[in-house]
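Encoded as structure tokens, the structure appears first; notes follow it.
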Protein chains: 2
Amino acid sequence: MLAQIESSLDQLSRSERKVAAFVLGDASRVLSMSIARLAQEADVSEPTVNRFCRTFSATGFPDFKLKLAQSLASGPTLMTAMVADTDAIPEIFAKLTDKAIRSVHDLKSSIDVLTLERAVDLFCQARQVAFFGMGASGSVARDAQHKFFRFNVPVVAYEDGLMQRMHAAAMKTGDLAVVISHTGRTRAMVEAATFAREAGASVLAITRSDTPLSRVATLTVSVDVDENTELYIPMMSRLMQLLVLDVLVTGVAQKRGTDFQPHLARIKHALNGTRLPD
Amino acid sequence: MLAQIESSLDQLSRSERKVAAFVLGDASRVLSMSIARLAQEADVSEPTVNRFCRTFSATGFPDFKLKLAQSLASGPTLMTAMVADTDAIPEIFAKLTDKAIRSVHDLKSSIDVLTLERAVDLFCQARQVAFFGMGASGSVARDAQHKFFRFNVPVVAYEDGLMQRMHAAAMKTGDLAVVISHTGRTRAMVEAATFAREAGASVLAITRSDTPLSRVATLTVSVDVDENTELYIPMMSRLMQLLVLDVLVTGVAQKRGTDFQPHLARIKHALNGTRLPD
DNA sequence: TCTTTGTTTGTAGATTTCTTTCATAAAGCG
DNA sequence: CGCTTTATGAAAGAAATCTACAAACAAAGA
């Protein structure tokens, strides 16, 4: 919100800019002001303040205050949460957690629920499931394997390009290949997806929208995160991929209902011996 | 805020409870209602709503809306974001994303920054690093390996209990073992940590506080997440472990400064050939 | 330079929204 | 049962917000 105001400063008229300056200067104080008060302190008329509010997709001043309150509460560092060279650990920690929260927020508003439901259906119908991922997405694939293993369906994960191709080529109709890639442009991943499709299997891609991989896939769950690429490490996109898989696994668990409860109980029992008492 | 309302439900009068019920039922809609509307829908009078607001340290209805807006933005669904059996995908999605946001929040406020700094120091001083994790934490260990590989220090990850023991026993002073466990009670993990300590290596535990593993470790980064254990899958704790590792890797990158930039450039270059154009 | 046109701004009043006061009703208590 | 206390809503009053309109201003062309 504040960032939005700041960026549209030059599209405002002179008086409205006065209002903007005041809001940017002491946003939290605005929350406890009436429109008359704000108008007075910013040295403009009340209607001007009102018009200012409307330019930021609020129906009026009270609504503007509401939106402002929300944005102030949600992300103190809404703005450039970029990690700077001079940051010490505390700042890095604060910025990364903020960014994580923001990313989840963005994911929440950007993902199409219908797609998720269709993805769950794919899982439920699958005779067997294979997860493909390389690099950072490799560990996501492995994690997914762990989670879906708990259902009574054969599930494998490959990080190895060669094994992926072999497995993909050997797939059949009714099988599901889940291909995970941050960039959506990793050649090996696109090829594996293509092989799987050609072999008659369904392909679920978890990747960026509108990429070579998403175009090959039967269904794509889009995970678009504006990554701070200078960090070279797709941290947030990987967190979001995991979150999406968590949703899917929970959805499948739901849909399957209780028929696999005994299966879970056995797994849990098997784990007991590996744990120490507290 | 919502939690506060809920907890003081029994101290409210009958009519005020009606208001409370409505607010708890659809908090976000309240934000766009006038006091008259809310009074009507909750089937009480306007002054009752006003009195209700004052009970929660607001000066009046508008102020209450403001406070509510802020609390909604910061912690969505403060209450039990438990996934219920009857939930469809949209609800599961909403609840899990909310829970993720909350978990990050909690992590942010619970983690001791000093500990993080010492952890970064451990990494910087390490001659070589080994990540140990099993089950769900195994993929976290693998992911960590990927990230820390980008520095110029030998780094390995083991998900295999036997390999972990062997490697741990063979470690030397100046080496670092990072042991990742959600429960902190996995026998094999505690044993590996103990072996590593006895061999003279430092042990960094990423686990719950006050567990067998944390007691064995040189330093523990506490990741306490109140997991919905009925889901059987430590989803959130794994996300938080990853986030902690992200912070650490960023911290190390920072501390190391630019001396490993050429190393990164070479890695990046090597990856180029694997990607398709968009 | 003057007009014309369009935009910006503020005044004043209308309207909505909120708050206070007070009378009535309900509940608790001896 | 009657008294006290508390809870509730009607209505009036106060405050805040919004709308319509006109004055001021700026920009462009004659």
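Residue numbering restarts at 1 for every chain, and letters A, B, ... go by the order of the sequence lines.
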Donor-acceptor contact present, side-chain B:T55 to main-chain B:R51, <3.5 Å
yes
What's the separation between atom [atom1] in [X] and atom [atom2] in [Y], rounded to the nearest 0.5 Å?
X      : Y      : atom1 : atom2 : answer
B:L242 : B:S237 : CG    : OG    : 9.5 Å
A:D63  : A:F56  : CG    : CZ    : 13.5 Å
A:C53  : A:K65  : SG    : NZ    : 9.5 Å

Which of A:V221, A:V179, A:T218, A:T115 passes side chain to side chain contact (heavy atoms under 4.5 Å, CB included) with A:L204? Answer is A:V221
When B:L107, B:D143, B:I180, B:T207 are each screened for side chain to side chain contact (heavy atoms under 4.5 Å, CB included) with B:Q241, the one that passes is B:I180
Exercise. Can you pull the contact range of chain A along DNA chain C, 5' to 3', using atoms under 4.0 angstrom from its heavy atoms?
Worked result: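 Span of nucleotides near chain A: C:dT8 to C:dT11.
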Nucleotide by nucleotide, nucleotides 6-19 of chain D touches protein heavy atoms under 4.0 Å in the pattern (B base, S sugar-phosphate only, - none) -SBBB------BSB
For B:R37, the side-chain hydrogen bond (donor to acceptor under 3.5 Å, both in side chains) test, sequence neighbours excluded, returns B:E41
